[in-house]
Number of protein chains: 2
Amino acid sequence: MKQHKPTESELEILGILWERGASTVREVHEKLAETKEAGYTTTLKLMQIMYEKGLLTRDASSKTHIYAAAVSQSATQQQLLNKMIDTVFGGSATQLVMQALGHHKSSDEELDQIRKYLSEIEKQQR
Amino acid sequence: MKQHKPTESELEILGILWERGASTVREVHEKLAETKEAGYTTTLKLMQIMYEKGLLTRDASSKTHIYAAAVSQSATQQQLLNKMIDTVFGGSATQLVMQALGHHKSSDEELDQIRKYLSEIEKQQR
DNA sequence: GAACATCTACGAATATCTTCGTAAACAAAT
DNA sequence: ATTTGTTTACGAAGATATTCGTAGATGTTC
């Protein structure tokens, strides 16, 4: 059972729901409007479609429905990463990692966190 | 001067051109056909559109035109990474890096390579 | 309960992406 | 020079994604 691939707009909405947790259309729309120009019914329609696709769940017990992401953030991340590594990074996860590290300010703490993670991976692979 | 965002199909073609270097439509199509079902004119049309968008250059001096990527692989990688970090990883490049490392087999050499890279970053930030 | 605001449902218009058929240009082979 | 094969150009159909207007339901306020 493979997850329907979210479109660009759908990803934005998923991102908001992952961050905020279950939310109304209004709340999602408000958040969305901070960075994007769009009518309320546009957001509504999108979320309804996502519900039909199985990307969202919803609680319709009260008049104002409450939506939540039906797909996990990490599974979605993995799906997109795989695709990206494959098409844009010539299959090399290492390349992706270095590119990502190179152009984003990372604190020393974060770098340490990554080092620790590297060690664990090495341990497990033995 | 921001680069037009490549679509899914366009990325596949760019990927091939980055790997092979300048190529004819026929060559790209052949490569594409290994993984995908598509008619020749479909590939042709796509590449023509990409040329118009400025994603490809072409040498039309001989009858069989020769296309090349007009956008660099690393710039495109960065563009897509940024977007992805923003929408899917809640803004954290570190999260992306760890997710990428966790689910892809990496050789010890690659892990070392990443460690070396981490040190360099730390040096530079001082 | 009338006026007003907010919500969902629906359908359709618009935009964008993808696919491919057909025709014309050109080159090579017979 | 006719046939055969390969190429580009063009247009249009088909598929998918995005946007929004309108109507009806529900709730809120006066």
Side-chain angles (χ1 to χ4, degrees), chain A residues 2-17 22-68 71 76 79-80 83 87-88, chain B residues 2-17 22-68 71 76 79-80 83 87-88:
Chain A
K2 199 188 143 210
Q3 139 180 173
H4 210 124
K5 194 194 164 195
T7 67
E8 202 55 39
S9 306
E10 290 173 344
L11 273 182
E12 289 176 356
I13 289 176
L14 280 175
I16 291 172
L17 287 174
S23 308
T24 64
V25 173
R26 174 68 53 190
E27 290 165 338
V28 171
H29 177 64
E30 222 85 294
K31 182 73 183 173
L32 213 50
E34 290 176 10
T35 49
K36 203 186 179 181
E37 188 69 21
Y40 172 81
T41 53
T42 300
T43 305
L44 171 65
K45 180 71 170 186
L46 264 174
M47 290 176 73
Q48 286 174 339
I49 290 173
M50 290 172 75
Y51 169 68
E52 282 161 22
K53 283 191 190 174
L55 289 172
L56 303 185
T57 60
R58 75 174 170 191
D59 172 358
S61 58
S62 61
K63 185 200 161 193
T64 303
H65 301 178
I66 298 186
Y67 289 81
V71 296
T76 306
Q79 187 191 1
L80 296 177
K83 180 88 183 182
T87 60
V88 190
Chain B
K2 197 189 145 208
Q3 141 180 172
H4 211 124
K5 192 193 165 195
T7 68
E8 203 54 37
S9 307
E10 290 173 343
L11 272 183
E12 290 176 356
I13 290 175
L14 280 174
I16 291 172
L17 288 174
S23 309
T24 65
V25 174
R26 174 68 51 189
E27 291 165 338
V28 170
H29 176 64
E30 222 86 295
K31 181 74 183 171
L32 212 49
E34 290 176 12
T35 49
K36 201 186 181 184
E37 189 69 21
Y40 173 80
T41 54
T42 301
T43 306
L44 171 65
K45 181 70 170 188
L46 265 174
M47 291 176 73
Q48 286 172 339
I49 290 173
M50 291 173 76
Y51 169 67
E52 281 160 23
K53 284 189 188 173
L55 289 172
L56 303 185
T57 60
R58 78 173 168 190
D59 172 358
S61 57
S62 61
K63 185 198 161 193
T64 303
H65 301 176
I66 297 186
Y67 290 81
V71 296
T76 306
Q79 186 193 357
L80 295 177
K83 180 89 183 180
T87 61
V88 188

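Throughout, a chain's letter reflects where its sequence line sits, starting with A, and its residues are numbered from 1.
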Would you mind reading off the distance between A/Ile13 atom CD1 and D/dT18 atom P, rounded to a whole angstrom?
9 Å
Whole angstroms only, please: what is the NZ-C1' distance between B/Lys45 and D/dT7?
15 Å
Donor-acceptor pairs under 3.5 Å, side chain of residues 41-49 of chain B to any protein atom, not counting sequence neighbours: which ones?
from, atom 1, to, atom 2, distance (Å)
B/Thr43, OG1, B/His29, ND1, 2.9

Between D/dC20 and A/Thr42, is there an OP1 or OP2 to side-chain N/O distance shorter than 4.0 Å?
yes
Which side-chain hydrogen bond (donor to acceptor under 3.5 Å, both in side chains) pairs, counting each pair once, include a residue from residues 55-66 of chain B, with sequence neighbours left out?
B/Arg58-B/Tyr67, B/Asp59-B/Ser61
With sequence neighbours excluded, residues passing side-chain contact (heavy atoms from CB on, under 4.5 Å) with B/Ala22
B/Ile66, B/Ala68
For D/dA17, does either OP1 or OP2 sit under 4.0 Å from a side-chain N or O belonging to A/Thr7?
no
Sequence neighbours excluded, every pair satisfying salt bridge (Lys or Arg N to Asp or Glu O under 4.0 Å) that has a member inside residues 23-35 of chain A:
A/Arg20-A/Glu27, A/Lys31-A/Glu34
Atom-pair distance (OH on A/Tyr40; C1' on D/dC20), nearest Å
14 Å
Would you kindly give the CD1-to-C1' distance between B/Ile66 and D/dT8, to the nearest whole Å?
14 Å
Below the 4.0 Å mark, does D/dT8 have OP1 or OP2 next to a side-chain nitrogen or oxygen of B/Thr64?
no
Nearest-nucleotide wise, let me know which of A/Glu8 and B/Leu44 is further upstream toward the 5' end of DNA chain D.
B/Leu44
Can you tell me if OH on B/Tyr51 sees more than 12 non-hydrogen neighbours from other groups inside 6.0 Å?
no
Identify all side-chain donor-acceptor contacts of residues 4-16 of chain B below 3.5 Å with residues at least two apart in sequence or on another chain.
from, atom 1, to, atom 2, distance (Å)
B/Lys5, NZ, A/Glu8, OE1, 3.1
B/Thr7, OG1, B/Glu10, N, 3.3
B/Glu8, OE1, A/Lys5, NZ, 3.3
B/Glu8, OE2, A/Lys83, NZ, 3.4
B/Glu10, OE1, B/Thr7, N, 2.8
B/Glu10, OE1, B/Lys53, NZ, 3.4
B/Glu10, OE2, B/Lys53, NZ, 2.8
B/Glu12, OE1, B/Lys36, NZ, 3.4

Where do N or O atoms of nucleotides 21-23 of chain D meet protein N or O atoms at under 3.5 Å, pair by pair?
none

Could you pull out all residues at least two apart from B/Thr76 that satisfy side-chain hydrogen bond (donor to acceptor under 3.5 Å, both in side chains)?
B/Gln3
Is there a residue in residues 47-63 of chain B whose heavy atoms reach under 4.0 Å of DNA chain D, and which residues are they?
B/Gln48, B/Arg58, B/Lys63
Of all nucleotides in DNA chain C that come within under 4.0 Å of a heavy atom of chain B, which is furthest toward the 5' end and which toward the 3' end?
C/dC17 to C/dC26
